[in-house]
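Heads up: the structure comes next, in structure tokens.
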Amino acid sequence: MERRTDLRKNLFYYSIFIPAFAVIIFLTIYPVFSVLYMSFFKYKYLFDIKVFIGFKNFVRIIKDSLFQTSLFNTLIFSAVATIAEVTLGLFLALLFYGRFPGKRVFLIMAVFPMMISTMVVCAVWRTLYHFDFGLLNYILKTSGLKSVGWLINPNIALFSIILVDIWQWTPFAFIIIQAGLNSISKEIFEAASIDGAGYFNTLISITLPILSKQILLVFLLRTIDTFRIFSKVYALTQGGPGNSTETVSYYIYRQGFTYFNLGRATTASIYVLLVISVISVFYIRNIMREEA
Amino acid sequence: MKKAFSLSLILLFLIIPLFICAVGQQEKGPVKLTFIGRDAVYGDAIDIAISEYVKLNPQVSIENLELPYASQYEKVVIDMKGAVGTYDLILIDDPAATQFQRAGWLANLDELLKKRGEKLDPDLISTAVKLGRYPYADDGTLYGLPHIGNVELFVYRKDLFQKYGLSKPEKWDDVLAAAKKIQAGEKDVYGVVFRGVKGNPITSTSLPLFWAFGANVLDSKGRPALDTPEARNAWEFFLKLKDYAPEGVAAYNSAQVKDALYSGRAAMAIEVWPGWVPGLNDPSKSAVVGKAEVTTHPGQVKKSSPMLGIWLIGIPEASKNHEEALDFLLFLTGKETQIKIAEIGLPPTRESVFMEPGLIKKFPWYPVQVAAMKNGVGRPRTTQWKELEDIYGAYLQLVLIGKMTPADALKEANSKMKEVLE
């Protein structure tokens, strides 16, 4: 009798998960399998060409020099932008900790870039970066320095886009880390102070270990987001000069929505999914380990 | 009784078909057409036509969807591929037409015109009309009518040319020589300016030069033809021009080219679209009013080869309003509407409109423009131009920024194109 009641109870619990599970299957699992399925075809949507070619797309794409460059650029972008954003976000969070006059105004100003549309941000930065008329080169020229080809020098262009991303998304890291910082009981800091710990000792031995979960979370979210970088490249350089700012998302966009080569676009997407999964597993394992 | 019954039965059989005919001949109810086109001035042109058309045809309403290039293309492709029939008229950039025509997504305009008892007006410039035909031949089936007659022009500063004793460049060699001479003599003036952004901009800017050097992107059989001496000569020459262009030319797009031209910082622009020309003589925008001469491109081993960039309008096969859409299309490409569109600065596609005295007074370069249109060259008629254009544009920019030599870049671009076309 008791067993039957347990079964009923369990059935009830499982059944209330069904709608959510159905949504996940429909919106996440099905598209992933569909993309995986398509990646095995030479699929030219415009011409109704759909031929099974096995792993040929995977081989061709990995051999494609443009994809290799795109992947390399994406990894550089993701690593540099994420590290810079989290470091600056942490620095700002520490700076804004405690009470001081004008803190609210500073906070609003600090989060402002994140609230602006990416296209607007790019339009502003494109003007700032302009080789002939941009403010940055104007400042350099009036200081007696040479103009910099922010968006036209293939060795600099990617870092110029990274700078825009840092400007826009550091506030995100700052908000999350600051929330974590504010949640630490002040008594801990007081106790450390009574025990004679200095600011840097407290920071290294108390603050950072307690904040590590938030920091890892920001690292995870920013890595995933920067790995999918598209709009800034589209608006600022369109992958140029040369292929110096080509990224994987831009490559997929062009294959999928300009050429409608769905086979190649889906294969490149699978590669991105694999890389993001590996990175996510690494971060999540670390977060879980800390929880355990 | 029997007789009366038979009589009423006969009457009934007579009345029913008459009634059906009468209903069939009744005017159709209100019709809603949907036009999907471009934003900015292209959208304004359609709005002007719509406001005139609905005055004459109050039973028709037309929605004009104005979108940026990339999203308009995406929406059109997805809709036509699925034969959804959301759009009744679509604006098509001429290189994309081949793809749509081959896939059978567009209605046969020859047949629709025949049904209507009309023929194509010969006033429409034939080079532009041909781009709407498939196969690409004078007798190919018509799938689109030319709406905007864009053609690349060449601009040089006649005051500077006079100052240095130079005459109008007839060959590309003259362009290089003039650029060298003027840049050496003028402190803040660059010899040439052009669009150097990868993809479409640099491709469009360089094709008249490429063709004039006897090179082609595809050969007569549709195979990539970049790995040739002619193509190498053309790209090597383009690289020489770079020495007389602004330092950041690899990032120059239309805005920067116009700016260099209007501010007087460039002696020549090797690619100027008709829409940019009015600004040259507008004192509020230009520092070179009356000093810039608009002309056709120079030749080299071949004659002048200006690039055509025609915007066609087609009717999707899936549209449910073919007849009404054709009626509006004929109105749009009619002389009166073309004059109105020309007045806002968009190039027409009818020869007679280029001859209008009022328009010639306003746009004195019209005779040059119509000559360029008649001699204009269309981009290769292939279903995969977008991909080929990106390859061409990416490799030429690599040459421009010094990352590859012309010979290596052309070789690699050629093999990439082969891969796309296989």
Side-chain angles (χ1 to χ4, degrees), chain A residues 42 44-49 51 53 56 60-61 63-67 69-70 119 123 126-127 129-134 137 146-157 160 233-246 250-251 253-262 264, chain B residues 68-71 73-75 77-78 80-82 96 98-100 102-105 190 196-202 246-253 255-256 259-260 263 265 383-391 393-404 409 412 415-416 419-420 422:
Chain A
K42 177 182 182 178
K44 294 200 170 188
Y45 177 77
L46 287 178
F47 312 112
D48 276 331
I49 296 171
V51 186
I53 53 167
K56 269 187 185 165
R60 269 189 193 164
I61 282 190
K63 278 185 180 172
D64 183 355
S65 59
L66 182 59
F67 182 75
T69 311
S70 307
M119 284 300 160
R126 208 181 153 82
T127 316
Y129 279 148
H130 195 285
F131 186 81
D132 295 314
F133 323 111
N137 277 353
K146 262 187 95 178
S147 293
V148 173
W150 299 103
L151 297 175
I152 58 177
N153 184 334
N155 301 321
I156 295 175
S160 301
V233 173
Y234 182 78
L236 289 169
T237 58
Q238 302 204 335
N243 295 327
S244 61
T245 58
E246 283 284 349
Y250 196 61
Y251 178 93
Y253 166 77
R254 270 220 308 273
Q255 290 292 339
F257 295 103
T258 307
Y259 315 143
F260 290 94
N261 284 343
L262 299 190
R264 283 195 173 198
Chain B
Y69 187 99
S71 44
Y73 175 75
E74 275 170 42
K75 281 190 183 353
V77 165
I78 291 165
M80 291 205 294
K81 177 76 172 57
T98 314
Q99 203 171 50
F100 298 172
R102 193 180 153 187
W105 293 345
Y190 294 105
V197 170
K198 70 185 276 197
N200 171 278
I202 197 169
E247 201 181 331
V249 76
Y252 269 45
N253 212 332
Q256 290 75 34
D259 191 74
S263 64
R265 289 185 301 111
T383 51
Q384 301 189 63
W385 175 243
K386 271 183 185 293
E387 239 174 309
L388 303 188
E389 180 183 62
D390 279 350
I391 293 170
Y395 279 94
L396 182 54
Q397 207 206 33
L398 286 171
V399 170
L400 191 72
I401 59 175
K403 288 270 171 187
M404 280 184 108
E412 217 171 296
S415 69
K416 287 257 174 195
E419 211 176 280
V420 167
E422 75 185 13

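In what follows, chains carry the letters A, B, and so on, assigned in the order in which the sequence lines appear, proteins first and then strands, with residues in each chain numbered from 1.
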Give, for atom [atom1] of [X] and atom [atom2] of [Y], the distance between the pair rounded to the nearest 0.5 Å.
X	Y	atom1	atom2	value
A:Leu46	B:Phe100	CG	CZ	8.0 Å
B:Lys386	A:Arg254	NZ	CZ	11.5 Å
A:Leu66	A:Gln255	CG	CD	8.0 Å
B:Ile202	B:Leu396	CD1	CG	4.0 Å

Dump the intermediate steps for side chain to side chain donor-acceptor pair (under 3.5 Å) on B:Tyr190 and B:Arg265, then the final yes or no. CA-CA 6 Å; B:Tyr190 294 105; B:Arg265 289 185 301 111; 5.1 Å; no

Between [options], the one whose heavy-atom pairs under 4.5 Å with chain A are most numerous:
options	value
B:Ala251, B:Ala103, B:Ala260, B:Ala70	B:Ala251
B:Arg102, B:Glu412, B:Gln99, B:Met404	B:Gln99
B:Val399, B:Val197, B:Thr383	B:Thr383

With a 4.5 Å cut-off on heavy-atom pairs, point out which of A:Asp48, A:Thr237, A:Leu151 contacts chain B the most.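 The option with the most such pairs is A:Asp48.
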
Verify side chain to side chain contact (heavy atoms under 4.5 Å, CB included) between B:Glu387 and A:Phe260, making sure each step is shown before the conclusion. CA-CA 10 Å; B:Glu387 239 174 309; A:Phe260 290 94; over 6 Å; no

Examine whether an atom of [X] lies under 4.5 Å from a heavy atom of chain B, and if so say whether it belongs to the side chain, the backbone or both; otherwise answer neither.
X	answer
A:Tyr253	side chain
A:Phe133	side chain
A:Ser147	neither
A:Asn261	side chain
A:Pro154	side chain

Would you please say whether a donor-acceptor pair under 3.5 Å links the side chains of B:Gln384 and A:Lys44?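 Indeed, the side chains of B:Gln384 and A:Lys44 share at least one donor-acceptor pair under 3.5 Å.
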
Chain A contact via [X] - which portion, at a heavy-atom distance below 4.5 Å:
X	value
B:Leu400	neither
B:Asp259	side chain
B:Lys403	side chain

Is any NZ, NE, NH1 or NH2 atom of the basic residue among B:Glu247 and A:Lys146 found under 4.0 Å from an Asp or Glu carboxylate oxygen of the other?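 A:Lys146 and B:Glu247: not salt-bridged.
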
